[in-house]
Amino acid sequence: MAHDFSAKTLYQKIYASHVVGKLNPSTDLLYVDRHLIHEVTSPQAFSGLKLANRAVRRPDLTFATMDHNVSTQRRSMDAAGETSRKQLEALAANCDENQIPLLDLTHPDQGIVHVIGPEQGLTQPGMIIVCGDSHTSTHGAFGALAFGIGTSEVEHVLATQTLPQQQAKTLKVEINGELSAHVTPKDLIMAVIGKLGTAGGNGFVAEFAGSAITAMSMEGRMTLCNMSIEMGAKAGLIAPDETTFAYLKGKAHAPGAAHWDAAVKYWQSLYSDPAAVFDHTVVVDAASIAPQITWGTNPEQVMAVDQSVPAPDSFTDATKRDAAERALAYMGLQPGQKLTDCQVDVVFIGSCTNSRIEDLRAAASVVQGKKVANGVRALVVPGSGMVKRQAEAEGLAAIFKDAGFEWREPGCSMCLGMNDDRVAAGERCASTSNRNFEGRQGRGARTHLVSPAMAAAAAIAGKFVNIAAVHTQGEQP
Amino acid sequence: MSKIFAKGLVCPLDKNNVDTDQIIPKQFLTSVSRDGFAEAMFFDWRYLADGSPNPDFVVNKPEYKGASILLTRANFGCGSSREHAPWAILQYGFKVIIAESFADIFFNNSVNNGMLLIQLSKTNIDLLFNRCTQGPQQWQIDLASQEIMFGNNAALGFSIDADIKQRLLSGLDFIGSSEQLNPQIADYEQSRKASQPWLG
């Protein structure tokens, strides 16, 4: 059968529509529709611009927030220490000087860049979106090509509103069937990373498709695309559909009434052609996935919560065996151990992966009417001012506070511990964040990545819990 | 034509999946400067909790002092996009990293700082680690001929993207070369405004 060379994947369509020109035979200059910036990876870019006497080309397509380095205890630029204050002040000054809109700490909608982009309607299908943060892949949930960049590239985008790129390979992750009760998009993406490995997506843009994706909410899709970087993919991508359009309608920066119909018409053309050929395809049965938990120090070291910690000898690959051995030593775990027998010290519900309203609802439904176990320190850090207000209006904040959780101000917080929200050496943390790297949440900290409901259940029980088993037995966790 | 991009001592870091949190931990990211990260490189591995150098960490071993070529394994630089990672590695003194594979963002960030990242097959990486077990290695990297030269006429070729090679050899200005296309950028903006006015 002749191959239809005109058939394109969604990624290829978005790429082609953004080519400004060719820099050389294999490198195109692509236009950037939205540039999100924050305090940590932008100051050196602004200094570079100034040094070269360059201006910001499109401040109107640039959008800033303060998130990585802010205190979640109080809304003040000096609340996270002197060097943090300087960095936040630098962002404010750079935005002011270049007329870049900024959601600073006094703004009611301030929050994590990958939570507020969608909330504000800044994230739209078909766009190219970049940000000096690897979890920019989150925005791919809307059918935007969104990826993280470094500070030299931030400077390049500020100066030219473009970025040199080469075409990536295409990966299709087809997820069919229904997720079981208490199994969330977080569990799904962790299972996919476990299957493909932390480098399985290197050089690829991953498109998620299939009936499980069609049925998924926008927030679930964001969680899925958010962690596509943890398998090394350049970006995660989901074709926009009615769920996407309904989410965007009426958002502050979404197309208004004058352009809405035209925008939707364009967005409806954004899908992979049926005849398009992907470089690689993986098929996943959603129903086969159980609640997941990481046991090691990278996201591929993951298992279903009812499984036992693997023995390093069970890995045939020598480097994986060494990595497992080192990970178990760091994590203070033994092969064969059940994590459901394992005490937790800290519970963190938050981060750009899992700090949206659906995440907080799922966690609150587990917590309602119960108390955090003795000796456990538990935090809920909403992703944005909007999420925080809604959680308060729905009574979720009260549920968390009554149970003994700390209810914080929005920010990246304990996901990376740039502020004072850290896990101490040797402490074990149930975390809804995205990276269980050594030292990520604090030097010597032991991170186990889980879904919001699993984290909440761990806070109540004082140890990890198989949320699916507890609920199947009809017990409350 | 021969052009030596780098020559010097090789430091073998025998690990997979070295993430950028390991290359430079969070507490050093509050800086607003591009400089001063050399001491922070591999901080949690390089220093013990009391702040003294960890004698077991390869970078601290006396025989690897002054190394300028880093040899490592698969998926080096995964995780966070922080460009502080290549800044720290470069400021410490490594100009070349040889690995089985690199994470995409780290790769671009390193190239944008004029570093040469060489990707080789697992078999060849194993061979290079084997060489390192024979004692400290002094290698030369010829970028023009794309060879790692071990001395005594022994060499191993490597492939590299032609555009990256050109950029590294000529030291082209990253932003300046794109600015050559300023008229095309302006044209693109015009047509974008006409066809998708909601984008601004």
Side-chain angles (χ1 to χ4, degrees), chain A residues 20-21 23-27 29 31 33 40-41 43-44 47 52 54 60-61 68-69 83-84 86-87 90 127 132-134 148-153 155-156 159-162 164 166 198-199 202-203 232 234 255-256 259 262-263 266 298 319-320 323 416-418 425 435 437-440 443, chain B residues 14-17 19-22 25-27 29-34 43-45 49 73-75 78-87 101-106 108-109 112-113 161-163 166 173-182 184-185 187-189 192 195-200:
Chain A
V20 166
L23 285 169
N24 45 52
S26 61
T27 308
L29 193 63
Y31 199 78
D33 298 299
V40 177
T41 57
Q44 297 88 348
S47 311
R54 288 184 168 116
D60 59 321
L61 302 183
H68 280 65
N69 205 355
T83 53
S84 299
K86 281 190 184 154
Q87 203 174 51
M127 282 183 162
D133 187 277
S134 60
I149 58 177
T151 299
S152 296
E153 293 173 313
E155 186 179 334
H156 189 288
T160 67
Q161 201 57 33
T162 64
Q166 300 188 341
T198 54
N202 279 7
K234 180 174 183 72
H259 298 303
Y266 171 64
N298 72 47
T319 50
K320 280 194 196 297
L416 81 167
M418 270 200 73
R435 289 187 176 134
F437 296 153
E438 281 182 33
R440 170 85 175 175
R443 189 170 185 164
Chain B
D14 196 355
K15 280 179 198 293
N16 276 318
N17 297 317
D19 61 74
T20 53
D21 275 80
Q22 306 316 316
K26 60 186 120 289
Q27 64 269 31
L29 308 188
T30 57
S31 169
V32 294
S33 161
R34 264 179 184 262
F43 190 85
D44 286 357
W45 291 343
R73 292 204 180 262
N75 201 28
C78 60
S80 160
S81 62
R82 56 188 72 168
E83 195 163 315
H84 312 68
W87 292 338
S101 60
F102 297 94
D104 290 344
I105 305 176
F106 177 85
N108 292 337
N109 287 345
N112 289 336
N113 284 279
D161 179 272
D163 302 338
Q166 186 55 34
D173 171 15
F174 181 46
I175 298 176
S177 355
S178 298
E179 282 174 336
Q180 304 291 313
L181 270 61
N182 269 343
Q184 285 96 317
I185 298 174
D187 288 350
Y188 184 90
E189 285 176 329
R192 176 180 178 272
S195 64
Q196 292 169 267
W198 60 88
L199 290 177

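Reminder, nothing fancy here: chain letters follow the sequence lines and each chain counts from 1. Atom set for the values below is all heavy atoms of this structure, side chains included, hydrogens, waters and symmetry mates excluded.
Under the 4.5 Å side-chain criterion, counting only non-hydrogen atoms from C-beta, A/D133 is in contact with A/H68. Counting only heavy atoms from C-beta outward, the side chains of A/L23 and B/L181 approach each other to under 4.5 Å. In this structure, the side chains of A/Q44 and B/H84 come closer than 4.5 Å at one or more pairs of heavy atoms. With contacts defined as side-chain heavy-atom distances shorter than 4.5 Å, the pair B/F174/A/P164 qualifies. Residues B/Y188 and A/L29 form no side-chain contact, since every pair of their non-hydrogen atoms from C-beta on lies 4.5 Å or further apart. With contacts defined as side-chain heavy-atom distances shorter than 4.5 Å, the pair A/Q161/A/L61 qualifies.
Side chain of A/R443 to backbone of B/D44: a donor-acceptor contact under 3.5 angstrom is found. No donor-acceptor pair under 3.5 Å is formed between the side chain of A/Q87 and the backbone N or O of A/S84.
Chain B forms more heavy-atom pairs under 4.5 Å with one residue of A/T27, A/D33, A/T41 than with any other, namely A/D33. Among B/N112, B/I175, B/N75, B/D14, the residue with the largest count of heavy-atom pairs under 4.5 Å with chain A is B/I175. Of the listed residues (B/S178, B/S195, B/P86, B/A74), the one with the most heavy-atom contacts under 4.5 Å to chain A is B/S178. Between chain B and the residues A/A263, A/A262, A/G132, A/A425, the largest count of heavy-atom pairs under 4.5 Å involves A/A263. The residue among B/R82, B/K15, B/R73, B/Q22 with the most heavy atom pairs within less than 4.5 Å of chain A is B/Q22. Options B/D173, B/L199, B/D187, B/I185 differ in how many heavy-atom pairs under 4.5 Å they form with chain A, and the most are formed by B/I185. For the options B/N109, B/N16, B/D19, B/I105, heavy-atom pairs under 4.5 Å to chain A are most numerous at B/D19. No other option in A/S26, A/S134, A/G417 has as many heavy-atom pairs under 4.5 Å with chain B as A/S134. Of all the listed residues (A/S47, A/G203, A/A90), the one sharing the greatest number of non-hydrogen pairs under 4.5 Å with chain B is A/G203.
Only the side chain of B/D161 comes within less than 4.5 Å of a heavy atom of chain A; its backbone N, CA, C and O stay farther away. Contact annotation for B/L29: both backbone and side-chain heavy atoms come within less than 4.5 Å of a heavy atom of chain A. Only the side chain of B/Q196 comes within contact range of chain A, with at least one heavy atom under 4.5 Å from a heavy atom of that chain. The part of B/S33 that comes within reach of chain A is its backbone (N, CA, C, O), which places non-hydrogen atoms under 4.5 angstrom from that chain. Of the two parts of B/N17, only the side chain, counted from C-beta on, holds a non-hydrogen atom closer than 4.5 Å to a non-hydrogen atom of chain A. Neither the backbone nor the side chain of A/A323 comes within contact range of chain B, judged by heavy atoms closer than 4.5 Å. Both the backbone and the side chain of A/L416 come within contact range of chain B, with heavy atoms under 4.5 Å apart. Heavy atoms of A/N298 lying under 4.5 Å from chain B belong exclusively to its side chain. Looking at A/R435, the atoms closer than 4.5 Å to chain B (heavy atoms on both sides) all sit in the side chain, from C-beta outward. If you measure heavy-atom distances from B/N113 to chain A, the contacts under 4.5 Å come from the side chain alone. Contacts between A/N69 and chain B at a heavy-atom distance below 4.5 Å involve the side chain alone, from C-beta outward. Only the side chain of B/E189 comes within less than 4.5 Å of a heavy atom of chain A; its backbone N, CA, C and O stay farther away. Interface residue A/E155: backbone and side-chain heavy atoms are both found under 4.5 Å from chain B. Residue B/F106: no heavy atom, backbone or side chain, is found under 4.5 Å from chain A.
B/D104 and A/K234 are not joined by a salt bridge, as no carboxylate oxygen comes within less than 4.0 angstrom of a charged side-chain nitrogen.
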Discussion item. The test is side chain to side chain contact (heavy atoms under 4.5 Å, CB included); show your working for A/E153 and B/N108 and say whether it passes.
Written reply: CA-CA 9 Å; A/E153 293 173 313; B/N108 292 337; 3.8 Å; yes
Practice prompt. Could you walk me through whether A/T162 and A/H156 pass the side chain to side chain contact (heavy atoms under 4.5 Å, CB included) test, one step at a time?
Written response: CA-CA 7 Å; A/T162 64; A/H156 189 288; 3.5 Å; yes
Practice prompt. Just do the side chain to side chain contact (heavy atoms under 4.5 Å, CB included) check on B/R34 and B/E83 with the steps written out, would you?
Written response: CA-CA 9 Å; B/R34 264 179 184 262; B/E83 195 163 315; 3.9 Å; yes
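With sequence neighbours excluded, no residue forms a side chain to side chain donor-acceptor pair (under 3.5 Å) with A/T151. A/F437 is linked by a ring-ring contact (aromatic ring centres under 6.0 Å, His included) to nothing, counting only residues two or more places apart in sequence or in another chain.
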